[in-house]
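The structure under discussion appears below in the form of structure tokens.
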Amino acid sequence: MTNNWMSDPAVANIDKAKLEFLQALVFESQTLSKEQMLPFLMSVAKKGSDNHISFSDEEVDTIVNVIRNYSTPEELSKIDKLLKLRRK
């Protein structure tokens, strides 16, 4: 996935710092194994908290929907798995 999703009009009202944070998260997580993913996500959550980055449910839904439009089938599968974890 490229960073074209960040220019989508649907995310125009979301703070660019938040979008850049997510873009970094996506690229950094691409090579991680399943075992590495949870510690990575914990680290990202702490980094987000330290930088006062948080997302409303509406922002999360908007971002996920936009990212899905720019994703490959493999990326869509990963997104679905992450969303299942989020709901638990």
Side-chain angles (χ1 to χ4, degrees):
M1 174 177 38
T2 64
N3 64 355
N4 293 341
W5 69 271
M6 292 174 60
S7 300
D8 192 288
V11 296
N13 294 325
I14 298 175
D15 185 348
K16 290 291 183 200
K18 291 181 177 183
L19 299 179
E20 290 168 2
F21 177 80
L22 284 177
Q23 185 67 19
L25 167 71
V26 169
F27 280 113
E28 290 176 30
S29 68
Q30 286 181 337
T31 59
L32 298 179
S33 68
K34 290 180 185 179
E35 294 78 22
Q36 294 170 313
M37 189 59 74
L38 185 57
F40 173 74
L41 291 174
M42 299 288 285
S43 171
V44 166
K46 180 170 177 11
K47 188 186 305 183
S49 177
D50 291 348
N51 292 309
H52 307 290
I53 295 175
S54 63
F55 298 88
S56 68
D57 288 340
E58 182 180 327
E59 287 174 325
V60 171
D61 291 343
T62 299
I63 291 167
V64 168
N65 288 332
V66 168
I67 288 176
R68 290 179 72 80
N69 292 332
Y70 294 87
S71 298
T72 65
E74 180 181 302
E75 291 166 337
L76 288 171
S77 175
K78 288 181 181 180
I79 290 169
D80 291 339
K81 288 177 186 176
L82 285 172
L83 290 175
K84 285 180 186 176
L85 288 174
R86 182 175 181 257
R87 290 184 190 119
K88 289 185 178 182

Can you measure from CZ (F55) to CG (L22) and round to the nearest 0.5 angstrom?
-> 4.0 Å
Could you give me the CA-CA distance, side-chain angles and deciding distance for K18 and F21, then say whether side chain to side chain contact (heavy atoms under 4.5 Å, CB included) is met?
-> CA-CA 5 Å; K18 291 181 177 183; F21 177 80; 5.5 Å; no
Backbone N or O of I53 within a donor-acceptor pair of the N51 side chain at under 3.5 Å?
-> no
Determine, for K84 against D80, whether the closest basic-nitrogen to carboxylate-oxygen distance falls under 4.0 angstrom.
-> no
Might you point out which heavy atoms bring Q23 and M6 nearest each other, and give the distance in Å?
-> CB-SD, 3.8 Å
Closest heavy-atom contact between Q36 and S33?
-> OE1-N, 2.8 Å
Run the numbers on M42 and K46 for side chain to side chain contact (heavy atoms under 4.5 Å, CB included), then give the verdict.
-> CA-CA 6 Å; M42 299 288 285; K46 180 170 177 11; over 6 Å; no
Correct closest heavy-atom pair for D15 and A17 would be OD1-N, 3.0 Å
Closest non-hydrogen atoms of V66 and W5, given as atom of the first, atom of the second and distance, are CG1-O, 3.6 Å
Might you confirm whether atom CG of N69 has over 12 heavy atoms from other residues, nucleotides or ligands at distances under 6.0 Å?
-> yes
Any side-chain donor-acceptor pair under 3.5 Å between E58 and S56?
-> no
Any side-chain heavy atom of V60 sitting closer than 4.5 Å to one from I63?
-> no
If only atom types and distance count, is the side chain of S71 paired as donor or acceptor with the main-chain N or O of I67 below 3.5 Å?
-> yes
Residues K47, D50; criterion side chain to side chain contact (heavy atoms under 4.5 Å, CB included); working and verdict | CA-CA 5 Å; K47 188 186 305 183; D50 291 348; 5.6 Å; no
